[in-house]
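What follows is a short report on a single structure.
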2 protein chains.
Amino acid sequence: MGITKSEHFTDEQNELATLAKAIGHPARIAIIQHLIKVNSCVCGDIVNELPLAQPTVSQHLKELKNAGLIKGNFEGNAICYCLNEEGFNKIKGFFQHINTYLENKKNQCC
Amino acid sequence: MGITKSEHFTDEQNELATLAKAIGHPARIAIIQHLIKVNSCVCGDIVNELPLAQPTVSQHLKELKNAGLIKGNFEGNAICYCLNEEGFNKIKGFFQHINTYLENKKNQCC
DNA sequence: TATTTATATTGCAATATTACGATATAGATA
DNA sequence: TATCTATATCGTAATATTGCAATATAAATA
């Protein structure tokens, strides 16, 4: 139905899914990579970096912000976006858990 | 348009997005967590674990498999799913990069 | 072979996402 | 204040995702 049955899953599962989903678009991957690359809060030049129209980029930024993966500060006229540690810390544990498991698992059937 | 302009992004960006997107649903998080928890290849009892109908679970398993995050082996009648290290290794570097960056960044405006 | 059991596929309805033109808003500056 | 610049929002079209009933498939067993 295009509607996810969130109420049947745990808060943790829903939260992890929301975070992963927010990362799950090439434009949003590109935004994250760009924010890391320039190593400073970047404003509207994200729009120039991406092959998408300004409203589309604005929408992607909003989704990343809603998910808690970036945050924005007013800087004069413009807005300054950068990574939000909080959001990424929430997924960190999940992937560490997986990696630890994968490093130690043995005698699996596949 | 619901259609992602993949052709404008790098292969790496598209691949990372595909992986994150596949993880970005609570049912698929639950499947991953379950496969880790039982520490062995699990067959149809994933269906019993999840609050979704069998065809829906089958579809989620397919998406995880297509993304390279799980793999399945025939085991007699049933099919045995487990985590696919390859897929997870591909995202690992991305998150490690982010974590390293976040741990070292200073004097940011936000 | 017929039946049972496990899983996948099809078809479809409801909803969500992506993209962008047009427009609104809000701060900076002339 | 009028204007410019930067960003957000609205409205809408195209497409994708989610979920499930019905059905198909395929291996195991009676």
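Order of the sequence lines sets the chain letters (A, B, ...), proteins ahead of strands, with each chain counted from 1. For clarity, every value in this text was computed on a predicted model and none was experimentally measured.
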What parts of residues 58-65 of chain A reach DNA chain D, counting only heavy atoms under 4.0 Å away?
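Close to the strand are A:S58, A:K62.
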With a 4.5 Å heavy-atom cut-off, do [X] and [Y] have their side chains touching?
X	Y	answer
B:I31	B:Y81	no
B:F9	A:I29	no
A:F95	A:L16	no

Could you tell me the separation between the [atom1] atom of [X] and the [atom2] atom of [N], rounded to a whole number of Å?
X	N	atom1	atom2	value
B:I31	C:dT7	CD1	P	13 Å
B:I79	D:dA28	CD1	C1'	14 Å
B:K5	D:dA13	NZ	P	18 Å
B:L50	D:dG19	CG	C1'	13 Å
A:N66	C:dA16	CG	P	15 Å

Below the 4.0 Å mark, does C:dA19 have OP1 or OP2 next to a side-chain nitrogen or oxygen of B:H8?
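It does not, given that no N or O in the side chain of B:H8 lies less than 4.0 Å from OP1 or OP2 of C:dA19.
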Under 4.0 Å from OP1 or OP2 of C:dA8: is there any side-chain N or O of B:Y81 that close?
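Looking at the OP1 and OP2 atoms of C:dA8, one of them is under 4.0 Å from a side-chain N or O of B:Y81.
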Quick one, A:E86 with A:K65, criterion salt bridge (Lys or Arg N to Asp or Glu O under 4.0 Å). Give me CA distance, side-chain angles, the key distance, then yes/no.
CA-CA 11 Å; A:E86 262 186 78; A:K65 203 164 86 179; over 6 Å; no
What pair of heavy atoms forms the shortest contact from B:A67 to B:L19, and how long is it?
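For B:A67 and B:L19, the tightest heavy-atom pair comes out as O-CD2, 3.2 Å.
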A:L102 to B:F88 - nearest heavy-atom pair and separation:
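Closest approach of A:L102 to B:F88, heavy atoms only: CD1-CB, 3.9 Å.
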Out of [options], which has the shortest distance to the side chain of [X]?
X	options	result
B:H25	D:dA16, D:dG19, D:dT9	D:dG19
A:K21	C:dC20, D:dT7, C:dT17	C:dT17
A:L52	C:dA16, D:dA21, C:dC20	C:dC20

Separation of A:K37 NZ from B:H97 NE2 (nearest 0.5 Å)
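Separation between the atoms: 11.0 Å.
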Just by distance, no angles: are the side chains of B:T18 and B:E15 close enough, under 3.5 Å, to form a donor-acceptor pair?
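B:T18 vs B:E15: no donor-acceptor pair found between side chains.
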Could you list the residues that satisfy side-chain hydrogen bond (donor to acceptor under 3.5 Å, both in side chains) with B:S6, not counting sequence neighbours?
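B:S6 satisfies side-chain hydrogen bond (donor to acceptor under 3.5 Å, both in side chains) with no other residue.
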Taking N or O atoms only and anything under 3.5 Å, show me the protein contacts with nucleotides 28-30 of chain C, one pair per line.
none

Does the D:dA6 base have a donor-acceptor partner in the side chain of A:Q54 within less than 3.5 Å?
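No such pair is found, so the answer is no.
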